[in-house]
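One structure is given below, encoded as structure tokens.
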Amino acid sequence: MRTYLVGGAVRDRLLGRPGGDRDWVVVGATPQQMTDLGFRPVGKDFPVFLHPETGEEHALARTERKSGRGYHGFTVYAAPEVTLEEDLVRRDLTVNAMAQDEDGTVIDPHGGQRDLADRVLRHVSPAFAEDPVRILRLARFAARFADFTVADETVTLMRRMVDDGEVDHLVAERVWQELARGLMEARPSRMFTVLRDCGALARLLPELDRLWGVPQRADYHPEVDTGVHVMMVLDMAARLGASLPVRYACLGHDLGKGTTPAEILPRHLGHEGRSVRLLRDVSERLRVPNDCRELADVVAREHGNVHRSAEFGPEAVLRLLERCDGLRKPARFRELLLACECDARGRLGLDDCPYPQGARLARALDTVLAVDTASVSAEALARGLKGPAIGDAITQARLTALTSATPPLERT
């Protein structure tokens, strides 16, 4: 019985990157032996155990045989006679197919160290084509390791997988899981570039894929191409350390531009409403979590108004706050402002430009939230007001606060 550190932990150690979770492969053991040693079984599809002290995952060495379509179409065989080399060959990329023994020696049968040095993402074997999730994983790694390229032969293999229909059998939950992780990487745009290059994006997110080649007005968008713009917005979100809901909102804020009638291009009248409808379809199809759905919806609907809000007086500002539900959900409203800042700065030559609309609206929100609505209501009741009249009194108090704010809520 031998235990080896495998996968990402070995890769990151060789790259000098901070270590995350550590995974282990156990060769020469049975499930009963693992249980007898105090390991706790947790694997559903193959034998995985948690170490009794560290809680780290230890998987029995295994082989896989393709038996059907999609991510679950595999027959797994785990037994004491399965070797480390047989286990490593089933892995996705050469840089993930290395192991380290107890003495610190690296076992590298597929040239992972060479590909690390050359900054290349390359599949281990033709078995890569048997699992469509590997396309998503590779794209996610491209977003993490922004200076790595994808080997030509791997791109060719992924295109063949797409043409063969493997991607069409991915389950929604797994697609979202990988997309969400990729969105949180250092250069999320690279994930979508890789997916688009092999044809997978057109199958998984056709609403996004159709944005490339769609022109925008150059006076607002010097980069012109809508797809290029959305990728710049995503990378700006990463640069500003945005949360997953903000990044998802950035991804979908301009989907409606892909359905703009050709005769009105490069203008995109009404694209906000079309973006909302398309985003709702995407979110439902991928079973996106509610916090991401809700923020993306309000960003798609209101980002144009937020951009124009520098021209708004107190009445229009208050209507915007209320329309965005900012008074009940101030944290989400601040995330809306951050997504809009990413949109404004995710444009060619504008990445370091200030976004005063964000600070102005954040200050307006704080001003309105500081209004003591309980006192206003009590005073209105004392004056004999009822029902809607009390609401009108609260609205007037909020407008008065915005009008007399210090410093003033000036228009530009």
Side-chain angles (χ1 to χ4, degrees), residues 207-208 210-211 214-234 236-237 240 242 245-261 264-283 292-327 329 332-351 353-365 409-412:
E207 301 87 349
L208 179 66
R210 67 167 67 105
L211 295 183
V214 175
Q216 304 170 104
R217 286 178 55 178
D219 49 340
Y220 291 121
H221 289 276
E223 71 287 346
V224 179
D225 189 287
T226 304
V228 172
H229 163 62
V230 171
M231 295 300 100
M232 295 176 72
V233 175
L234 267 187
M236 180 57 66
L240 298 181
V246 171
R247 298 189 193 201
Y248 179 64
C250 288
L251 181 70
H253 78 285
D254 269 350
L255 290 183
K257 291 183 177 179
T259 60
T260 297
I264 69 169
L265 292 174
R267 296 181 302 157
H268 291 277
L269 302 177
H271 80 275
E272 295 91 348
R274 298 194 301 276
S275 295
V276 168
R277 292 189 291 274
L278 289 168
L279 252 177
R280 288 174 179 171
D281 290 342
V282 170
S283 296
C292 293
R293 291 188 191 211
E294 292 171 2
L295 180 64
D297 184 89
V298 71
V299 170
R301 187 179 71 244
E302 299 290 349
H303 66 275
N305 291 322
V306 173
H307 294 332
R308 291 186 290 272
S309 66
E311 306 166 2
F312 291 179
E315 294 85 356
V317 167
L318 183 57
R319 287 196 298 271
L320 177 61
L321 293 175
E322 292 174 339
R323 204 163 56 245
C324 297
D325 206 10
L327 306 184
K329 300 180 179 180
R332 193 185 73 179
F333 186 79
R334 297 183 200 282
E335 289 198 309
L336 159 69
L337 297 182
L338 179 56
C340 290
E341 179 178 354
C342 294
D343 179 28
R345 295 173 60 184
R347 308 182 190 205
L348 187 64
L350 302 180
D351 54 312
C353 288
Y355 189 66
Q357 297 95 317
R360 182 174 185 263
L361 287 176
R363 185 161 52 86
L365 177 63
L409 193 69
E410 296 178 345
R411 304 189 199 195
T412 60

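These numbers come from a predicted model, not from an experiment.
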The test is side-chain contact (heavy atoms from CB on, under 4.5 Å); show your working for R210 and T259 and say whether it passes. CA-CA 9 Å; R210 67 167 67 105; T259 60; 4.0 Å; yes
Working for side-chain contact (heavy atoms from CB on, under 4.5 Å), residues L338 and L240: CA-CA 9 Å; L338 179 56; L240 298 181; 3.9 Å; yes
Please step through side-chain contact (heavy atoms from CB on, under 4.5 Å) for the pair E272 and N305, ending with a clear verdict. CA-CA 10 Å; E272 295 91 348; N305 291 322; over 6 Å; no
Check the pair L255, R277 against side-chain contact (heavy atoms from CB on, under 4.5 Å), reporting the backbone distance first and the verdict last. CA-CA 9 Å; L255 290 183; R277 292 189 291 274; over 6 Å; no
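Between L336 and L295, the closest heavy-atom pair is N-CD1, 3.8 Å. Taking both residues in full, the closest heavy atoms of C292 and Y248 are given as O-CD2, 3.5 Å, listed atom of the first, atom of the second, then distance. The nearest pair of heavy atoms linking A300 to L279 is CB-CD1, 3.8 Å. Of all heavy-atom pairs between L361 and V306, the closest is CD1-CG1, 3.8 Å. Here the closest non-hydrogen pair linking L337 and A362 is CD1-N, 3.7 Å. The heavy-atom pair separating A237 from C342 by the smallest distance is CA-SG, 3.5 Å.
The NE2 atom of H271 sits 9.0 Å away from atom OG1 of T226, with the distance rounded to the nearest 0.5 Å. Distance check: R360 CZ to L409 CG gives 4.0 Å after rounding to the nearest 0.5 Å. Note that CD of Q216 is 10.0 Å distant from CG of L265, once rounded to the nearest 0.5 Å. For the atom pair CZ (R247) and CG (L234), the distance works out to 8.5 Å, reported to the nearest 0.5 Å. Going from atom CG of D351 over to atom CZ of R345 covers 7.0 Å, rounded to the nearest 0.5 Å. For the atom pair SG of C353 and CD of E341, the computed distance is 11.0 Å after rounding to the nearest 0.5 Å.
For H221 (side chain) and R217 (main-chain N/O), no donor-acceptor pair under 3.5 Å exists by modelled atom type. Using a distance-only test at 3.5 Å, with no hydrogens or angles considered, no donor-acceptor pair links the side chain of R301 to the main chain of C324. Using modelled atom types, no side-chain atom of S283 and backbone atom of R280 make a donor-acceptor pair closer than 3.5 Å. Checked by atom type and distance alone, the side chain of H229 never pairs as donor or acceptor with a backbone atom of R347 at under 3.5 Å. Under the 3.5 Å distance criterion, the side-chain polar atoms of Q357 are matched with a main-chain donor or acceptor of H307. Under a 3.5 Å cut-off, the side chain of R332 and the backbone N or O of D325 do not form any donor-acceptor pair.
R293 is not listed as a side-chain neighbour of D297, based on a closest heavy-atom distance of 4.5 Å or more. Between M232 and M236 the shortest side-chain heavy-atom distance does not fall below 4.5 Å.
Inspection of the H268 and D254 side chains reveals no N or O donor paired with an N or O acceptor under 3.5 Å.
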